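Being a predicted model, the structure only gives us computed values, none of them experimental. First the proteins, then the strands, lettered A, B, ... as listed; each starts at 1. What's counted below: heavy atoms across the whole structure, side chains too, no hydrogens, waters or symmetry copies.
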Protein chains: 2
Amino acid sequence: MKRRNTHSTAEIFEVLKSSGNALSHDMIQENIGSDIDRATIYRVLNRFCEDGKVHKIIGDDGKQYFAICHNCGEKKKVHSHNHIHFRCLQCGKVECLERDLAVPLPEGYVAKVHNLVISGFCNNCS
Amino acid sequence: MKRRNTHSTAEIFEVLKSSGNALSHDMIQENIGSDIDRATIYRVLNRFCEDGKVHKIIGDDGKQYFAICHNCGEKKKVHSHNHIHFRCLQCGKVECLERDLAVPLPEGYVAKVHNLVISGFCNNCS
DNA sequence: AACATTATTGCAACATAGTCGCAATATTAA
DNA sequence: TTAATATTGCGACTATGTTGCAATAATGTT
């Protein structure tokens, strides 16, 4: 399964990059010039996730958000993504806070995925 | 809107209590003897939330889980619920870890809801 | 440059989770 | 017992995300 460079992948990645935030499927579709099918957008995003270019978080609205990986998982093979995300209840922005979080788990527990979201009002909306 | 004691509310609360964990709608429906409509279960659970008897978290599977409030929001009017939840990828159990978490936010950010979920394998499944 | 291979796309259909309107029912207080 | 109204069940609906399949397009090779 070698990856191919297509119009869709380039454009979706560009939207994510220029935004700098975590975006949901519909945000991406809005910010995109051309018409890309919903299913395609999801497939492209999930491919990005498999390749470690992007990480996915589930908002407290139940929706999937995707953000470009910066300091997570590039250096190590271990994808951590254990930083906190903030979702603004007013403007809808979802951003990665750089603060990493080491959570001590009880004996015998093994962490695989961190999904840490705080929602409230961002600096622009508070 | 005074609340009434019904068969449904009693039974749903009992299931939550005896489980001790956070349960999703379908888990509740399974653990219930009688037939209660899906919509009713959701309405009852959301009423519990409004009354502060229960708190809701969104799992990293995108589903809603409900758990009885213990040390959150009973004492204070401020509902914090800023503890961490653990979801087992094997057995599906979602539990509240008692560890509370004080997350320092950037200047100008106001936290309203904490949705902190770590998934992996619990002590029984690891 | 043309071709063969196969990753990717678009479309439609599907799946699931959750919500809502409304009439019927059941709880509460009088 | 009765009146008022909170709650329920049913059905329809919305939204988010996934999948199968045929058509399309990107890539390496000749």
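- Ring-centre distance between A/Tyr109 and B/Phe86: below the 6.0 Å cut-off.
- Considering only the side chain of B/Asn46, C/dT19 comes nearest among D/dG9, C/dT19, D/dT8.
- Considering only side-chain N and O atoms, A/Lys2 lies nowhere under 4.0 angstrom from the phosphate OP1 or OP2 of C/dA7.
- At the phosphate of D/dT16, neither OP1 nor OP2 sits under 4.0 Å from any side-chain N or O atom of A/Arg38.
- What separates CZ of B/Arg3 from C1' of D/dT5 is a distance of 13 Å, to the nearest Å.
- Ring geometry, B/Tyr42 versus B/His25: the interplanar angle falls under 30°, so the pair is classed parallel (tilted spans 30 to 60°).
- Dashed line: the shortest gap from a side-chain N or O of A/Thr40 to OP1 or OP2 of C/dG10 is under 4.0 Å.
- Here the shortest heavy-atom pairing between A/Phe48 and A/Thr9 reads CZ-O, 3.6 Å.
- Distance, A/Leu45 CG to D/dG17 P: 10 Å, rounded to whole Å.
- In this structure, of D/dG9, D/dT8, C/dT9, it is D/dT8 that holds the atom nearest to the side chain of B/Val44.
- One interatomic measurement links the two molecules: CD1 of B/Ile41 to P of D/dC10, which rounds to 12 Å at whole-angstrom precision.
- Taking 4.0 angstrom as the limit, A/Tyr42 places a side-chain polar atom (N or O) nearer than this to OP1 or OP2 of D/dG17.
- Along DNA chain D, the nucleotide closest to A/Asn5 and the one closest to B/Arg47 are compared, and the more 5′ of them pairs with B/Arg47.
- Of the candidate nucleotides C/dC11, D/dC10, D/dT5, D/dT5 has the atom nearest to the side chain of B/Arg4.
- With rounding to whole Å, A/His25 atom NE2 is found 11 Å from D/dT18 atom P.
- Contact check, B/Thr6 against D/dA6: no side-chain N or O comes under 4.0 Å of OP1 or OP2.
- One atom, NZ of B/Lys63, and another, P of D/dG17, lie 15 Å apart when rounded to the nearest Å.
- No hydrogens or angles were tested; on distance alone, nothing pairs the side chain of B/Arg43 with the base of C/dG18 as donor and acceptor under 3.5 Å.
- Proximity of a side-chain donor or acceptor of B/Ser126 to a complementary backbone N or O of A/Gly108 within less than 3.5 Å is detected.
- A donor-acceptor pair under 3.5 Å is formed between the side chain of B/Ser18 and the backbone N or O of B/Glu14.
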